[in-house]
Trainee: 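My structure is below; once you've seen it, I'll send some questions.
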Amino acid sequence: MNQSLSFSDYYGNEVRLALGSRPFSNQPRHVWVICRFHKQWLLTRHKRRGLEFPGGKIEPGETAEQAACREVYEETGAHVATLYGLGQYQVIGRNESIEKNIYFAEIDTISVKEDYLETDGPFLLNKFPEYLEKDRRFSFLMKDKVLTASMHAAREAFWIDRYRNSTEIQPGPT
């Protein structure tokens, strides 16, 4: 499964998405993790942006996979049981570009924490709203083709058909 897309994001930045490979950087500085816990989607409520999947910066000395697991725990209290690489995307902004590795994580436990850093902790969701891009509860990070293409890739590449009934995300009217 190798797929490439280019499009503009919520803010008009150019986004290049590559699923099944990591063509933009061997050392990305960010990660984004699509999480599943007991047939529910595990998101976090960012204090400024809204609902989104966990993610963040890779710290010095850690691998992207270590950062993905750490970010999931810091923002949700969840433990990653299995982590799958899906691909990478690049956002080309006016002043800089960033590269993020995309992962799919199966979560086995969620612990209650006193502090979830920049988030309000875990948020479980059975099904996404039909027109996610118009729902103000969700972060801009959840409103472009990276999410829909990544979730489709996870289903196709990792036999995640058991989730199919609750993962249908349809693009809204154009």
Side-chain angles (χ1 to χ4, degrees), residues 1 9-10 15 17 19 28 30-59 62-89 91 100-173:
M1 164 227 28
D9 70 6
Y10 185 79
V15 178
L17 170 65
L19 296 167
H30 299 84
V31 295
W32 191 55
V33 189
I34 297 171
C35 299
R36 191 79 172 151
F37 177 68
H38 297 295
K39 297 185 180 182
Q40 292 182 299
W41 298 109
L42 173 63
L43 294 92
T44 189
R45 186 184 308 272
H46 190 278
K47 291 180 181 178
R48 288 188 319 271
R49 293 188 299 255
L51 295 171
E52 61 189 28
F53 283 115
K57 293 182 181 177
I58 299 170
E59 294 182 355
E62 93 184 326
T63 66
E65 291 77 12
Q66 290 168 330
C69 294
R70 176 185 51 76
E71 288 288 347
V72 168
Y73 178 75
E74 285 180 357
E75 295 182 2
T76 68
H79 177 262
V80 173
T82 311
L83 187 69
Y84 303 101
L86 292 178
Q88 192 175 76
Y89 73 101
V91 179
K100 287 188 184 186
N101 279 3
I102 307 166
Y103 296 96
F104 175 80
E106 294 179 316
I107 304 300
D108 58 0
T109 60
I110 300 175
S111 302
V112 175
K113 296 173 44 183
E114 287 192 28
D115 183 16
Y116 296 96
L117 302 177
E118 69 272 8
T119 79
D120 290 329
F123 184 90
L124 292 169
L125 186 67
N126 289 318
K127 186 175 180 181
F128 286 95
E130 185 175 355
Y131 299 110
L132 181 82
E133 70 279 357
K134 299 209 182 286
D135 193 319
R136 298 181 68 152
R137 297 174 300 161
F138 289 86
S139 165
F140 73 93
L141 296 171
M142 303 287 286
K143 296 181 178 184
D144 62 32
K145 294 176 187 173
V146 172
L147 175 65
T148 53
S150 296
M151 291 182 74
H152 178 75
R155 285 194 303 266
E156 296 297 316
F158 304 114
W159 37 263
I160 305 174
D161 290 327
R162 62 185 172 209
Y163 301 141
R164 194 173 294 278
N165 289 339
S166 62
T167 63
E168 295 304 322
I169 297 179
Q170 302 298 325

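Note that the structure is a prediction, hence the values are computed from the model and not measured.
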Trainee: My understanding is that only residues two or more places apart in sequence, or in another chain, count here; which of them pass ring-ring contact (aromatic ring centres under 6.0 Å, His included) with Tyr10?
Mentor: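 Result, ring-ring contact (aromatic ring centres under 6.0 Å, His included) vs Tyr10: none returned.
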Trainee: Answer yes or no: is there a side-chain heavy-atom contact under 4.5 Å between Val72 and Cys35?
Mentor: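 Result yes, sub-4.5 Å side-chain heavy-atom pair found.
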Trainee: Do the non-hydrogen side-chain atoms of Leu132 and Met142 ever get within less than 4.5 Å of each other?
Mentor: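 Leu132 vs Met142: side chains touch.
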Trainee: First locate atom CD of Glu118, then atom CZ of Arg48, and finally report the distance between them rounded to the nearest 0.5 Å.
Mentor: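 Glu118 CD to Arg48 CZ: 8.0 Å, rounded to 0.5 Å.
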Trainee: Quick one: pull up CZ in Phe104 and OG1 in Thr82 and give me the separation to the nearest 0.5 Å.
Mentor: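 Separation between the atoms: 9.0 Å.
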Trainee: Does the Lys100 side chain pair with the main chain of Val91, one donor and one acceptor, at a distance under 3.5 Å?
Mentor: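 The answer is no, because no donor-acceptor pair under 3.5 Å joins these two groups.
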Trainee: Side-chain contact, heavy-atom cut-off 4.5 Å: Phe138 with Leu125?
Mentor: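 Yes. Closest side-chain heavy atoms under 4.5 Å.
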Trainee: Hey, what do you get for CD (Glu65) to OH (Tyr103), rounding to the nearest 0.5 Å?
Mentor: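 That separation rounds to 3.5 Å.
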Trainee: With a cut-off of under 6.0 Å to the ring centre and 45° to the axis, is Lys145 in cation-pi contact with Tyr89?
Mentor: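 Checked: cation-pi criterion not met.
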Trainee: Evaluate the side chain to side chain contact (heavy atoms under 4.5 Å, CB included) criterion for residues Asn101 and Gln88: first the C-alpha distance (whole Å), next the side-chain angles of each, then the deciding distance (0.1 Å), finally the verdict.
Mentor: CA-CA 4 Å; Asn101 279 3; Gln88 192 175 76; 2.7 Å; yes
Trainee: Do you know the tightest heavy-atom contact between Ala149 and Leu19?
Mentor: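 Here Ala149 and Leu19 meet closest at O-CD1, 3.4 Å.
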Trainee: For a 4.5 angstrom cut-off between non-hydrogen side-chain atoms, does Glu133 reach Tyr131?
Mentor: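 Yes. Closest side-chain heavy atoms under 4.5 Å.
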Trainee: How long is the gap from CZ on Phe37 to CG on Asp108, to the nearest 0.5 Å?
Mentor: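 Nearest 0.5 Å value for the CZ-CG distance: 8.0 Å.
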Trainee: To check you understand the geometry: which heavy-atom pair defines the closest contact between Tyr116 and Gly77, and what is its length?
Mentor: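 Closest heavy-atom pair between Tyr116 and Gly77: CE2-N, 3.9 Å.
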Trainee: Measuring only between side-chain heavy atoms, which start at C-beta, is Phe128 closer than 4.5 Å to Leu51?
Mentor: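 A side-chain contact under 4.5 Å is absent here.
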Trainee: If you round to the nearest 0.5 Å, how far is OG1 of Thr148 from CG of Leu17?
Mentor: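 Rounded to the nearest 0.5 Å, the CG-OG1 separation comes to 9.0 Å.
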Trainee: Show me the side-chain donor-acceptor pairs of residues 52-59 shorter than 3.5 Å, one per line, residues at least two apart or across chains.
Mentor:
from  : atom 1 : to     : atom 2 : distance (Å)
Glu52 : OE1    : Arg49  : NE     : 3.0
Glu52 : OE1    : Ser139 : OG     : 2.8
Glu52 : OE2    : Arg49  : NH2    : 2.8

Trainee: Any heavy-atom pair between the side chains of Glu71 and Trp32 that's under 4.5 Å?
Mentor: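 No, side chains not in contact.
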Trainee: For the pair Lys113 (side chain) and Gly121 (backbone), establish whether a donor and an acceptor sit closer than 3.5 Å, ignoring hydrogens and angles.
Mentor: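 Side chain of Lys113 to backbone of Gly121: no pair is present.
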Trainee: Tell me the closest heavy-atom pair linking Val80 and Cys69, and the distance in Å.
Mentor: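 Looks like CB-SG, 3.9 Å.
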Trainee: Looking at side-chain heavy atoms only, is the closest gap between Leu83 and Val33 below 4.5 Å?
Mentor: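 Counting from C-beta outward, Leu83 and Val33 do come under 4.5 Å.
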Trainee: Rounded to the nearest 0.5 Å, how far does CG of Asn126 lie from NZ of Lys39?
Mentor: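 Lys39 NZ to Asn126 CG: 11.5 Å, rounded to 0.5 Å.
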Trainee: Start with the C-alpha distance between Leu42 and Leu124, add both sets of side-chain angles, then the distance that settles side chain to side chain contact (heavy atoms under 4.5 Å, CB included), and finish with yes or no.
Mentor: CA-CA 5 Å; Leu42 173 63; Leu124 292 169; 3.8 Å; yes
Trainee: If we only count heavy atoms from C-beta on, is the Thr76 to Ile107 side-chain gap below 4.5 Å?
Mentor: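 No. Closest side-chain heavy atoms not under 4.5 Å.
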